[in-house]
Amino acid sequence: MKKIAKFILTVLVILSVFSCDKYLQEKRYTDVGYDYFTTKVGMEAAVTGVYQAMRWYTGAYNTTDNHTGAYGSTAAGNMESYYCLTEYGTDMTWEGTDGGMKDAYNKYLTSLNPNETTLNNFWNNNFKGITRANTVLMYLPKVTDMTDAQKTQRAAEVKFMRAYYYFDLVQHFGALPLVTQGNVTQVVTDFKRSPVSDVYKQIISDLVSAYNVLPDIGQQSDRGRATKWAAGHLLAKVYLTRDSYDAATRGGKASDLDSAAYYAEAVINSGKFALENNFAMVFDQDNQKVSKEIIWDVEYTKDQLFNGAGSSTSDGGNQLHLYWVTQYDVKPGMIRDQPNGRPWKRVRVNPNFCQSLWDKQNDSRIYKTFKWTFYCNNPSTSTKWVANYYYVNPATNAATSEVLYSPPASLVGQPKQKAGDTCIYFSPKKYGALSPYSTTNPKQTLLNDANYRQMLIDTYKAPYIMFPQDLYDTNNFPAMLKWLDTQRPDINYQAGSRNFHRARLAETYLIAAEAYGRKGDMVNAAKWVNVVRQRAAYSEGETKPKEVWRFDGGTNNTVNTKSAMFVTPAQMVTPKFPSGVSDVSPFVDWMLEERGRELYGELNRWEDLVRTGTLVARAKLYNPESAPNVKDFHKLRPIPNTYVDRLLPKQAPADVQNPGYF
């Protein structure tokens, strides 16, 4: 997106004019007039401003004031934003040790209320993007030095973006103020929320308009701009969502699943995209600008100005690399470094899903999604062998006098690792010795003493620090690799340069599969899902991780596992972690699992559970921190006070606020 980068300085200059000083409320300044947007340069800067609001999703341009919504510095160092809304409070993700958003979003405590900062920032940011889109559409006809074709394309781009912002908002908040006209002269304070069905109609209208106009190419030369196929992918997802659980509220139609399949297959058959041969390459940082699997990205580079980084290295960029990293750097033999990341330990994968959701003998995604091994980079602090290792009372965590293991005398006093040796190993093995650790179960229950003893002996014998699954906790867990950024300029730098994948072909296949399956056409559902699963298999000649044969019952060979990864329609109605919701089909539960296997950590889980009507059931069953408090009204977020407090005349609470929050 090199050309877009040229406009960043211009955008920053005019943001005070172009952004809402208050919610959906423009303010005219005399030093920079709106006439600037009647020029090509001004209009291109304005369009860039519409895209720029996407930076908030990854931590860039966070806001410091709920009420002005002004973009501010992040010198305090905490750039938590959209991941809190999409990962916490779900079945697949549990909380880590640190972070201030866990109580609101993972535990569903009363801190999830109309004043919550991240929620207000989300609302402000997306309506800022919508307002910018409306302003572009208002001024675009007045630009005299752009061709009609250029104007038509830019109008389609901002309609795509307006639809994107509204789609994310409607999934979280339900009924919304539906504003599609630009306004730079009047102060409006009597916005009313439109029905959810009307919001979906507008989203689809914008996307169809964009789809019919945007260029029929894989990526524009300015990477990050919308294309026909980005609109097609999002249209398929919107139609699938509209006719999911509670379709009547969304205005779902009998043809929506047909439309979802139609647009998904149009993208698949366009010839513009292809799955990476190896799942690991989807998130290979050196491959992100050339991957044929990516349909639409939010672009980042190593240029600090382009990434929005200011004088503080905590400003801007893609900061998702921070959140899924385990606390490796305080362990003996380790020190913080670039390859392993900066460990903010905000979120971790549900250990039960980690154990059983993936077919660990045949599905390569489990070992390509998570990081299991850390290699010694600080040997002067390595653990030394001791003469005796003792039984530890699981109730008190205190060592007893009972010796469980004594190593050979020749090892005593010697370091367990030298530089480059395995230092920390998160074993996928589950001994069944202890109940899983969570913040609601910090004192793990002893399940089987014989298994517990064997687990201790195995950890003592290991020439590294070993965490079997029974010992995973909020500090110690397999880190997620997808967003890890090894190309930052230093170990503490936050403004990462990874692209933010928002649409990729594997999800398009899964959308098509779900649409067909929910229509009752399981043959086509299996056809499309098997394309994704065949890529997930180990390829012929590919070396399998040692875990496959050491712990998972597999074989140490380089034979492909494609046949084992193939599923039949009958297998697609046997989920491993069913929701138990009576009117949710086993196929939908199975598709949620397949989406989790492919898309874990890609910031869509909460929306998937809400649209399928399984959020409450799955959170209660599979997230011990969410279970005590999650209720049916949590399928919507509270409407932020940024909106409610400024309404004049005041409206009835039931008209402006979602149930459960007033």
Side-chain angles (χ1 to χ4, degrees), residues 82-96 99 101-109 112 171-172 241 244-246 323-324 346-360 363 365-366 369-370 428 430 435-441 469 472-474 477-478 480 482 507 510 514 572-637:
Y82 192 60
Y83 86 93
C84 298
L85 285 83
T86 61
E87 305 305 306
Y88 282 142
T90 67
D91 53 349
M92 287 195 71
T93 297
W94 292 4
E95 65 187 56
M101 308 298 175
K102 299 176 302 209
D103 287 351
Y105 292 103
N106 195 48
K107 294 188 176 75
Y108 292 100
L109 298 183
L112 180 60
Q171 291 178 91
H172 283 266
T241 301
S244 292
Y245 195 87
D246 199 16
Y323 306 127
W324 275 269
R346 297 302 197 252
V347 282
R348 61 186 179 114
V349 64
N350 177 338
N352 299 315
F353 279 46
C354 198
Q355 171 68 21
S356 303
L357 183 62
W358 288 265
D359 175 355
K360 292 194 287 188
D363 191 338
R365 292 174 295 190
I366 180 67
T369 297
F370 300 103
K430 184 176 183 179
S435 60
Y437 179 97
S438 69
T439 57
T440 57
N441 181 37
Q469 192 180 123
Y472 294 178
D473 61 23
T474 54
F477 50 86
M480 191 181 72
K482 286 183 174 180
E507 186 185 21
L510 296 179
E514 185 178 337
M572 295 171 64
V573 292
T574 56
K576 296 181 179 181
F577 295 90
S579 65
V581 179
S582 60
D583 52 351
V584 171
S585 74
F587 168 74
V588 169
D589 277 332
W590 190 91
M591 281 303 306
L592 283 172
E593 293 182 353
E594 189 61 29
R595 286 181 64 84
R597 285 184 280 264
E598 178 70 26
L599 304 172
Y600 177 76
E602 296 182 38
L603 279 60
N604 52 39
R605 190 64 178 178
W606 191 88
E607 290 94 332
D608 278 347
L609 300 189
V610 168
R611 74 171 174 81
T612 56
T614 62
L615 174 69
V616 175
R618 297 186 76 87
K620 283 185 176 294
L621 284 169
Y622 305 121
N623 188 329
E625 293 140 348
S626 300
N629 298 304
V630 65
K631 296 178 175 60
D632 188 59
F633 72 80
H634 286 125
K635 67 185 180 182
L636 291 176
R637 309 296 194 183

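Note that the coordinates shown come from a computational prediction; the quantities given were computed from them, not determined experimentally.
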Chemist: Look at the side chain of Lys620 and the backbone N and O of Ala627, then say whether any donor-acceptor pair between them is shorter than 3.5 Å.
Modeler: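 Yes.
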
Chemist: Nearest 0.5 Å, what's the CD1-CD distance between Ile366 and Gln355?
Modeler: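 If I round to the nearest 0.5 Å, the distance is 9.0 Å.
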
Chemist: Drop me the distance from Asp473's CG to Asn441's CG, to the nearest 0.5 angstrom.
Modeler: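 One gets 11.5 Å once the value is rounded to the nearest 0.5 Å.
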
Chemist: Test Trp324 against Tyr600 for side chain to side chain donor-acceptor pair (under 3.5 Å), laying out the working first.
Modeler: CA-CA 11 Å; Trp324 275 269; Tyr600 177 76; 3.3 Å; yes

Chemist: Between Ser356 and Phe577, what is the shortest heavy-atom contact and its length?
Modeler: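 Between these two residues, the closest heavy atoms are CB-CZ, 3.9 Å.
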
Chemist: What's the separation between atom CG in Asp608 and atom OG1 in Thr241, rounded to the nearest 0.5 Å?
Modeler: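 The CG atom of Asp608 sits 7.5 Å away from the OG1 atom of Thr241.
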
Chemist: Would you give the length of the straight line joining atom SG of Cys84 to atom CH2 of Trp606, rounded to the nearest 0.5 angstrom?
Modeler: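 Output value for this atom pair is 13.5 Å.
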
Chemist: Which heavy atom of Trp94 sits nearest to which heavy atom of Asn623, and what is that distance?
Modeler: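 So the two residues come closest at NE1-CA, 3.6 Å.
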
Chemist: Check this for me, if you would: do Arg365 and Glu594 make a salt bridge, where the nitrogen-to-carboxylate-oxygen distance has to be below 4.0 angstrom?
Modeler: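 The answer is yes: the pair qualifies as a salt bridge.
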
Chemist: Could you please spell out the steps behind the side chain to side chain contact (heavy atoms under 4.5 Å, CB included) verdict for Met92 and Leu357?
Modeler: CA-CA 10 Å; Met92 287 195 71; Leu357 183 62; 3.6 Å; yes

Chemist: So Met480 and Val349, do their side chains get closer than 4.5 Å, heavy atoms only?
Modeler: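 Result no, sub-4.5 Å side-chain heavy-atom pair not found.
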
Chemist: Between Asn106 and Ser626, is any pair of side-chain heavy atoms under 4.5 Å apart?
Modeler: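 Yes, side chains in contact.
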
Chemist: Do the charged groups of Lys360 and Asp363 touch, with an N to O distance under 4.0 Å?
Modeler: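 No salt bridge links Lys360 with Asp363.
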
Chemist: Shortest non-hydrogen contact from Tyr83 to Val347?
Modeler: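 For Tyr83 versus Val347, the nearest heavy atoms are CE1-CG1, 4.0 Å.
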
Chemist: Is the side chain of Tyr245 donor-acceptor paired with the backbone N or O of Val584 at a distance under 3.5 Å, no angle test?
Modeler: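 Such a contact is absent between Tyr245 side chain and Val584 backbone.
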
Chemist: Which is it for Lys102 and Thr439 under the side chain to side chain contact (heavy atoms under 4.5 Å, CB included) test, yes or no, and what are the steps along the way?
Modeler: CA-CA 11 Å; Lys102 299 176 302 209; Thr439 57; over 6 Å; no

Chemist: What is the minimum heavy-atom distance between Trp358 and Gly596, and which atoms define it?
Modeler: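 In this case the closest contact between Trp358 and Gly596 is CZ2-O, 3.9 Å.
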
Chemist: So that I can tick it off, tell me whether Arg605 and Asp91 are bridged by a salt bridge, with the cut-off set at under 4.0 angstrom between side-chain N and carboxylate O.
Modeler: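 Salt bridge between Asp91 and Arg605, a charged N being under 4.0 Å from a carboxylate O: yes.
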
Chemist: What verdict does the side chain to side chain donor-acceptor pair (under 3.5 Å) test give for Gln171 and Glu607, after you've listed the backbone C-alpha separation in whole Å, the side-chain angles of each residue and the deciding distance to 0.1 Å?
Modeler: CA-CA 7 Å; Gln171 291 178 91; Glu607 290 94 332; 5.0 Å; no

Chemist: With a 6.0 Å cut-off (strictly less than), is the heavy-atom count around OH of Tyr82, excluding the residue itself, greater than 12?
Modeler: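 It does: Tyr82 OH has more than 12 such atoms within range.
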
Chemist: Going through the checks in order, is the side chain to side chain contact (heavy atoms under 4.5 Å, CB included) test met by Val573 and Trp590?
Modeler: CA-CA 6 Å; Val573 292; Trp590 190 91; over 6 Å; no

Chemist: Give a yes or no on whether the backbone of Lys576 and the side-chain of Glu593 come within a donor-acceptor separation of less than 3.5 Å.
Modeler: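 It does hold such a pair.
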
Chemist: Would you confirm whether Asp632, through its side chain, and Val616, through its main-chain N or O, come within 3.5 Å as a donor-acceptor pair?
Modeler: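 Here the side-chain-to-backbone pair does not exist.
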
Chemist: May I have the step-by-step check of side chain to side chain contact (heavy atoms under 4.5 Å, CB included) for Arg595 and Glu514, ending in yes or no?
Modeler: CA-CA 10 Å; Arg595 286 181 64 84; Glu514 185 178 337; 4.2 Å; yes

Chemist: Could you check whether any side-chain N or O of Thr93 sits under 3.5 Å from a backbone N or O of Tyr88, counting only pairs where one atom can act as donor and the other as acceptor?
Modeler: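 Looks like no, no N/O pair under 3.5 Å.
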
Chemist: Could you pull out the closest heavy-atom pair between Tyr437 and Tyr472, with the gap in Å?
Modeler: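 In terms of heavy atoms, the two residues are closest at CB-O, 3.3 Å.
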
Chemist: Whether Arg618 and Asp589 form a salt bridge (side-chain N of Lys/Arg under 4.0 Å from carboxylate O of Asp/Glu) is what I want to check.
Modeler: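 So Asp589 pairs with Arg618 through a salt bridge.
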
Chemist: Can you tell me if Arg637 uses its side chain to pair, donor with acceptor, with the backbone of Leu85 under 3.5 Å?
Modeler: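 Judged by distance alone, yes, a pair lies under 3.5 Å.
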
Chemist: For Thr440 versus Glu625, what's the shortest heavy-atom pair and its separation?
Modeler: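 Shortest heavy-atom contact: CG2-CA, 4.0 Å.
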
Chemist: Checking Lys430 side chain against Pro428 main chain: does a donor-acceptor pair fall under 3.5 Å?
Modeler: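 Checked: no pair found.
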
